[in-house]
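Here the structure is laid out as structure tokens; the discussion comes afterwards.
Lettering of chains follows the sequences in order, A, B, ..., and the numbering in each one begins at 1. Small disclaimer: the values here were computed from a predicted structure and weren't measured.
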Amino acid sequence: MTDAPWRPGQPEQLHAVDAPTVALPVWLHDGAETIAPVPARPRRTAVVVLAVLLGVVLAASGTLTWYLLRVNAAWQEHSQQWEALAEQHGADLAQARSDLEQTRTELAGVQEQLTTAQGRITQLADEKAQLGDQTAAQQQLADYQARVSKAAGQVATALANCIDGQQQLIGYLADPSRYAPDQLTAYKQQVQDYCRQARDANTTLQSELAK
Amino acid sequence: MTLRRWWVPPAVVALLAGCAVLPPMPPPVPTGVVPTVDSVPTISAGSDQLSPDGFDAVRRMAVRIRNVGCGQVSTGSGFALTATTLVTNKHVVQDSAQLQVSTYDGHDVDVTTASTAGLADLALVRTKENLPSAPELAATDPRQGDPVTVVGYPLGGQLTVTNGHVIGTTTDPLNSNLGQVLVTDARVEPGSSGSAALGADGKVIGVVYAKNAAGYSFLVPVSTLRAMLGDETGFEPAPTCAG
């Protein structure tokens, strides 16, 4: 079976073949090209396939475009939300820094006041202690003066008794015949006791004065 | 037909790969990005770190002792050992008719008993009320060069804190202590006797009891203090001026 050469504009003729035959093109002597028979492809099918493919591509492109636009909008909103959040935290940070600075200033003032108060407490405690020392010392002095006064009084009393007794004894001894000897002896002993008490009191007074 | 549709699998793969590289939707924006921080530890008033009036433990443990004797008044220093026991020198409390104790803030504390050590210039005074704060005793004596802080009432004046270093050890020049005593260059004065000497960690390393003309201060080391505290028979009632 021989095939007529296909020309443009002519309908394609389908041929049943047992197997695809491939032959190399051969230059003829008259310059005309002879194309070896190849498996024919239906043009309409190709157009349909291309149309379907184009439709699919267009649909995919549209879907992709819609998706990308949606993603873009979402990321823009996302960015705006982050920006708002950053601004909020920035404002919070600025407020926190301001509060911190104010707190530091107040703390410095409070620390200064505390230092002053502590110094004042220490000073008052010292003043109180010094007053206590002075009070104790004055009490010691008062006790000393009281002891000295008491001793001096005892000395004066004892000396007065001694002197009075000695004067009375001198009077008695001027006329001893008028008195019983044992009474004179007892009175003399009594006067000596007064004078001894005066000496003891004077010793105590000198001891206190020596302190 | 199989050969003519060889492009289908690569096309599907390419399509899937293309979908894979498409930008995803953004994740939701969090409502806050401030990280959580650990809670700040608080210092309660009345603890050892801080008193209601802001005085530190070093000053709060110090006490001023007035020895009202028979015809004389003298002052010394001391420090709290426990809530109702304070440590000072024997020569601060002996020969007294009355002992009067006051704290850093001028508060008066009533004294119940006083006892003195036989082999060291140390004394223990018991109080009726609680003392503000008590330090810890160091486990060992300090070494040469260690820093020392003395807190007390030099010349019976204001509460004073002085610093120095341990110079070394020597035998007691006053022969009032057995064993070695510490020598420091921390300045002390009459009235500082009984002051606590603290190490760098705030623990008691000794008790001030004397000074010399060169300005060096002498301490009863904490080892002696520990030894005396461990011997219940080492203390006896303090002698009074009334006999």
Side-chain angles (χ1 to χ4, degrees), chain A residues 39 41 49 53 56-57 60 63-64 67-68 70-86 88-89 92-93 96 110-111 113-141 143-144 147 208 210-211, chain B residues 3-5 7 11 14-15 18-19 21-34 50-56 59-60 62-75 96-108 153-161 191 241:
Chain A
R41 191 182 199 102
V49 169
L53 192 60
V56 170
V57 169
T63 303
L64 181 62
Y67 175 76
L68 290 176
R70 188 160 169 258
V71 168
N72 180 53
W75 277 105
Q76 283 184 346
E77 183 181 0
H78 186 77
S79 175
Q80 291 173 354
Q81 290 176 352
W82 271 110
E83 187 177 354
L85 185 62
Q88 177 189 346
H89 284 303
D92 293 345
L93 177 60
V110 171
Q111 284 179 332
Q113 291 176 357
L114 176 62
T115 302
T116 303
Q118 287 177 340
R120 184 60 179 151
I121 289 174
T122 302
Q123 184 181 359
L124 289 174
D126 179 54
E127 291 177 0
K128 180 184 177 184
Q130 300 304 324
L131 285 176
D133 291 346
Q134 292 176 10
T135 301
Q138 289 172 353
Q139 184 62 47
Q140 296 263 324
L141 180 60
D143 293 343
Y144 168 76
R147 290 195 303 271
E208 290 291 343
K211 289 182 179 178
Chain B
L3 290 176
R4 290 177 182 170
R5 296 186 178 177
W7 51 271
L15 184 61
C19 291
V21 298
L22 286 177
M25 285 291 183
V29 176
T31 56
V33 293
V34 178
L50 187 66
S51 66
D53 52 18
F55 281 89
D56 55 25
R59 288 172 173 79
R60 294 171 63 215
V63 296
R64 185 183 193 272
I65 301 173
R66 181 185 299 121
N67 181 332
V68 181
C70 300
Q72 62 179 7
V73 177
S74 60
T75 64
S96 68
Q98 185 184 14
L99 290 176
Q100 298 173 349
V101 173
S102 59
T103 60
Y104 68 98
D105 56 356
H107 179 68
D108 293 328
Y153 295 86
L155 302 174
Q158 288 189 9
L159 178 60
T160 304
V161 177
C241 62

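Using a distance-only test at 3.5 Å, with no hydrogens or angles considered, a donor-acceptor pair links the side chain of A/Gln140 to the main chain of B/Gly69. Side chain of A/Tyr144 to backbone of B/Gly71: no donor-acceptor contact under 3.5 angstrom is found. Counting only distance, with no hydrogens or angles, the side chain of A/Ser79 and the backbone of A/Trp75 share no donor-acceptor pair below 3.5 Å.
For A/Leu124, no part lies under 4.5 angstrom from a heavy atom of chain B. Only the side chain of A/Leu64 comes within contact range of chain B, judged by heavy atoms closer than 4.5 Å. Residue B/Ser74: no heavy atom, backbone or side chain, is found under 4.5 Å from chain A.
Chain B forms more heavy-atom pairs under 4.5 Å with one residue of A/Gln118, A/Gln130, A/Arg70, A/His89 than with any other, namely A/Gln118. The candidate with the highest count of non-hydrogen atom pairs below 4.5 Å against chain B, out of A/Gln88, A/Lys128, A/Glu127, is A/Lys128. When the candidates A/Gln123, A/Gln81, A/Arg147 are compared by the number of heavy-atom contacts under 4.5 Å with chain B, A/Gln81 comes out ahead.
By the side-chain hydrogen bond (donor to acceptor under 3.5 Å, both in side chains) test, B/Arg66 is found to be paired with A/Asp133, B/Gln100, residues two or more places apart in sequence or in another chain being considered. Under the salt bridge (Lys or Arg N to Asp or Glu O under 4.0 Å) criterion, B/Asp105 pairs with no residue, sequence neighbours left out.
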